[in-house]
There are 2 protein chains.
Amino acid sequence: MKSRKVSLKDIAHSAGVSTALVSYVLSGKEKEYRVGLDMALKIKAIAKELKYQPNLLAKGLRSGKTYTIGLIIADISNPFFANIAREIEDEAEKNGYTVIIGSSDENAARSWKLMNVLINRQVDGFIIVSAENSEKLVYQLVEIGMPFVLLDRHFPEIQTDFVVTNNAKASYDACRHLIERGYKKIGLIAYKSDLFHMRERIRGYRQALNDNRMGFRANWLKEVYFETIAVEIRQAIDDMVSAESPVDALIFATYGLAINGLKYINELRLKVPDDLGIVSFGQAEVFDLYYCPITFMKQPIELLGKTAVDVLVKKILNPDEEQIQISMDATLVERESSTART
Amino acid sequence: MKSRKVSLKDIAHSAGVSTALVSYVLSGKEKEYRVGLDMALKIKAIAKELKYQPNLLAKGLRSGKTYTIGLIIADISNPFFANIAREIEDEAEKNGYTVIIGSSDENAARSWKLMNVLINRQVDGFIIVSAENSEKLVYQLVEIGMPFVLLDRHFPEIQTDFVVTNNAKASYDACRHLIERGYKKIGLIAYKSDLFHMRERIRGYRQALNDNRMGFRANWLKEVYFETIAVEIRQAIDDMVSAESPVDALIFATYGLAINGLKYINELRLKVPDDLGIVSFGQAEVFDLYYCPITFMKQPIELLGKTAVDVLVKKILNPDEEQIQISMDATLVERESSTART
DNA sequence: CAGATTTGTTTAATCGATTAAGCAATCAGG
DNA sequence: CCTGATTGCTTAATCGATTAAACAAATCTG
């Protein structure tokens with residue numbers, strides 16, 4: 001049963017030739033190394049008969065290329081990341097690469113550990129959705145000359161390749177949309193974070209309010225900690241709706257915030273959009289199936305994933321390629337949760 | 001910038017000793033191979049200073065162990081699989097293993113291709129959520145003596161290790177629950193599939209109807225093709241609700257069916273649970289946030305994932321371990337979508 | 001037909017680690 | 001002081017592939 005693995009040597013032996021010849025033939029270099037036609041055929045036949053499968057470890061060790069991409073994301077069980085992972089997987093396969101995914105839990109230490117495991121496995125490059133305070137990773141990758149692309153989030157003060165959404169604009173558009181629909185007191189719930197994409201989502205919102213001469217109150221903008229989201233978001237919403245000047249619309253800066261927020265809004269029996277208009281970031285089936293389908297900023301997930309892979313592959317093939325920085329627009333998908341105020 | 005990688009040889013050179021010694025020390029075998037204490041310390045110090053990182057390809061090549069698990073699932077962007085992948089990832093890490101995930105798209109050919117890529121990468125074992133008609137994979141793995149565990153689905157006619165949910169019971173419980181709540185004409189929408197878990201879900205449903213002397217009509221049981229789910233499910237539901245004897249409750253056999261079905265039910269403006277009681281398999285945020293939270297059969301995702309890894313690791317360590325076949329119960333989580341009929 | 005060229009194949013080093021076997025030097029015991 | 005055990009380290013083979021260099025035989029050239 002346990003038929004030992006078939007190696008080049010076995011084929012060579014069976015054909016009565018050296019392993020070199022077998023290698024030449026099976027790696028398609030028969031012309032280049034002028035292998036005899038009949039011998040080439042014979043070797044191919046034997047390889048097929050023995051069901052030869054190359055050992056990619058050996059290949060990688062020798063060649064220094066593993067055709068493997070390390071993907072570090074926050075959490076594969078978050079649909080945004082799961083979807084993007086799927087796109088990356090598919091695009092990578094098209095390019096002959098395999099993807100190894102790791103979840104960082106938005107935790108810099110875990111990211112660091114993951115990165116090292118993957119480096120030791122000799123991945124050819126990284127696609128990274130950065131966790132907070134993980135600049136160190138980026139510097140490390142630069143230092144060892146490892147190709148990488150930041151996805152979805154980047155550090156503006158560090159020069160790197162990246163593929164991201166234009167978050168300030170997305171947030172601006174979300175807010176402006178609510179304004180146009182007649183909402184007057186628009187709140188935003190975001191994560192408490194120094195990550196640029198989150199700062200941008202906050203900035204875009206503030207900007208839209210300003211540009212449209214809308215009022216703003218401190219309790220309309222809430223930043224909650226990722227780790228304690230469940231409790232904090234309740235306080236945040238309580239505060240936003242019960243204040244002397246309660247919000248009439250809410251923007252959720254991420255999918256996770258929306259899920260937690262909507263659950264509590266349901267508990268409070270607030271009706272969307274009559275009591276509260278909603279626009280959210282992220283995307284998932286839940287936005288369609290909510291009793292009042294949720295207006296959301298649709299990020300170009302497919303394109304983000306595909307582009308990240310393409311950029312990375314380009315970088316792997318030519319590390320001296322000049323820096324590639326791509327920012328894509330999100331599009332607003334209007335549903336009933338932001339129906340016009342009368 | 002591109003500081004070449006540090007190898008054992010570099011450390012050996014820097015310490016003025018042979019690579020063997022370095023290897024002994026860094027792999028913690030200093031006692032066993034009686035390395036001098038001061039030399040051991042010196043080597044460790046140099047390794048740390050040079051920031052030595054072992055090349056896992058070389059290690060794997062030499063030792064025949066890569067501490068890598070191949071995970072083949074239907075689709076990482078399906079929350080059920082994403083969640084289970086996450087559990088597997090975490091449990092694998094605890095055991096010192098890295099996971100490589102591939103999505104098969106419920107496609108046997110793609111599964112086969114994926115399996116081979118992973119075999120070539122010398123994974124130590126597989127966790128597989130089988131696609132239809134992929135018995136061949138199982139036979140292949142058995143033949144080459146590769147440890148593996150089937151997850152979520154298994155082939156009853158093939159003796160393998162597996163970790164699954166007791167689907168007949170789950171389905172039975174789902175149906176009985178609806179019966180107990182006073183529903184009289186209960187339908188089931190499943191996938192058209194020979195996969196055992198799907199047959200079992202259908203069987204459990206039929207059994208529950210029988211045991212409770214409930215009526216049954218052919219148009220209450222629909223099987224739709226995975227590939228054409230979006231159109232087919234509309235026909236199916238049309239047929240089920242508009243027949244001369246329309247259903248008053250519906251069981252969705254999977255998450256994907258539920259999503260598509262609920263969308264159409266919304267379109268039809270059918271009210272849950274008044275027009276239609278619902279129980280679904282699968283699990284996701286959407287069940288909580290639907291206007292009428294959905295009663296569902298909660299599979300023990302965490303335990304399924306964890307157990308699959310544990311079983312696989314056991315098999316890897318001791319391939320002659322006797323067969324491990326584990327079936328776990330799903331629990332019914334009651335929400336408003338199956339509120340009692342008056 | 002001698003020398004140059006081409007053709008077809010082998011030899012052996014290499015990637016980075018592991019590990020069995022071997023070899024000095026030191027030490028203990030008689 | 002000799003013998004045998006112990007300690008500390010080195011040598012070299014190995015995992016499975018790649019590939020530069022060498023080599024022998026066949027073919028060409030003038």
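Below, read A as the first sequence line, B as the second, and so on, with proteins coming before strands; counting in each chain starts at 1.
- In summary, B/R110 and A/D90 engage in a salt bridge, as defined by a charged side-chain N under 4.0 Å from a carboxylate O.
- Counting to the nearest Å, the C1' atom of C/dA17 and the CG atom of B/L61 are 8 Å from each other.
- Residue-environment remark: CD (B/E157) exceeds the threshold of 12 foreign heavy atoms within 6.0 Å.
- Between A/Y24 and A/Y33, the ring planes lie parallel to each other; the angle is under 30°, not in the 30° to 60° tilted range.
- Rounded to an integer number of Å, the gap from B/L57 CG to D/dA17 C1' is 12 Å.
- Atom NZ of B/K315 sits in a crowded spot, with more than 12 heavy atoms from other residues, nucleotides or ligands closer than 6.0 Å.
- Side chain B/Y24 to base C/dA20: a donor-acceptor pair is found below 3.5 Å.
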Shorter than 3.5 Å, N or O on both sides, protein versus nucleotides 22-24 of chain D: list them out with atom names.
none

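- Taking the side chain of B/K59 as heavy atoms from C-beta on, and the options D/dT18, C/dT18, D/dC15, the nearest nucleotide is C/dT18.
- Side-chain nitrogen and oxygen atoms of B/S23 include none within less than 4.0 Å of the OP1 or OP2 phosphate oxygen of C/dA17.
- What separates CG of B/L21 from P of D/dT7 is a distance of 15 Å, to the nearest Å.
- Nearer to the 5' terminus of DNA chain C, by closest-nucleotide assignment, is the contact made by A/Y33 (compared with the other of A/Y33 and A/T19).
- Atom pair B/I43:CD1 and C/dA17:P shows a separation of 14 Å (rounding to whole Å applied).
- Annotation: B/Q323, atom CD; neighbour count of heavy atoms from other residues, nucleotides and ligands within 6.0 Å is above 12.
- Donor-acceptor pairing under 3.5 Å is recorded for the side chains of B/S77 and B/D75.
- Between A/Q122 atom CD and C/dG16 atom P there is a gap of 8 Å when expressed in whole angstrom units.
- Residue B/D38 is the one, among A/A20 and B/D38, whose nearest nucleotide of DNA chain D lies closer to the 5' end (criterion: closest heavy atom).
- Here the nucleotide nearest the side chain of A/N55, chosen from C/dT10, D/dT10, D/dA17, is D/dA17.
- A donor-acceptor contact closer than 3.5 angstrom links the side chains of B/R121 and A/T98.
- Picking from D/dA17, D/dT11, C/dA17 the nucleotide with the shortest atom distance to the side chain of A/L8 gives D/dA17.
- At the phosphate of C/dT18, neither OP1 nor OP2 sits under 4.0 Å from any side-chain N or O atom of B/K29.
- Between the OH atom of B/Y52 and the P atom of C/dG16 there is a distance of 10 Å, given to the nearest Å.
- No more than 12 heavy atoms of other residues, nucleotides or ligands shown are found within 6.0 angstrom of NZ on A/K9.
- Put simply, B/K9 has a side-chain N or O that comes within less than 4.0 Å of OP1 or OP2 on C/dC15.
- For A/K42 and C/dT9, the NZ to C1' distance is 13 Å, given to the nearest whole Å.
- Of the side-chain N and O atoms in B/S7, none sit less than 4.0 angstrom from OP1 or OP2 of C/dG16.
- Across all strands, A/S63 comes closer than 4.0 Å to no nucleic acid atom at all (heavy-atom distances).
- Atom CD of B/E30 and atom P of C/dT18 are 14 Å apart (whole Å).
- Mapping A/A58 and A/E32 onto DNA chain D via the closest heavy atom, the residue that lands nearer the 5' end is A/A58.
- Here the side chain of A/R62 is nearest to one of C/dT11, C/dT14, C/dG16, namely C/dT14.
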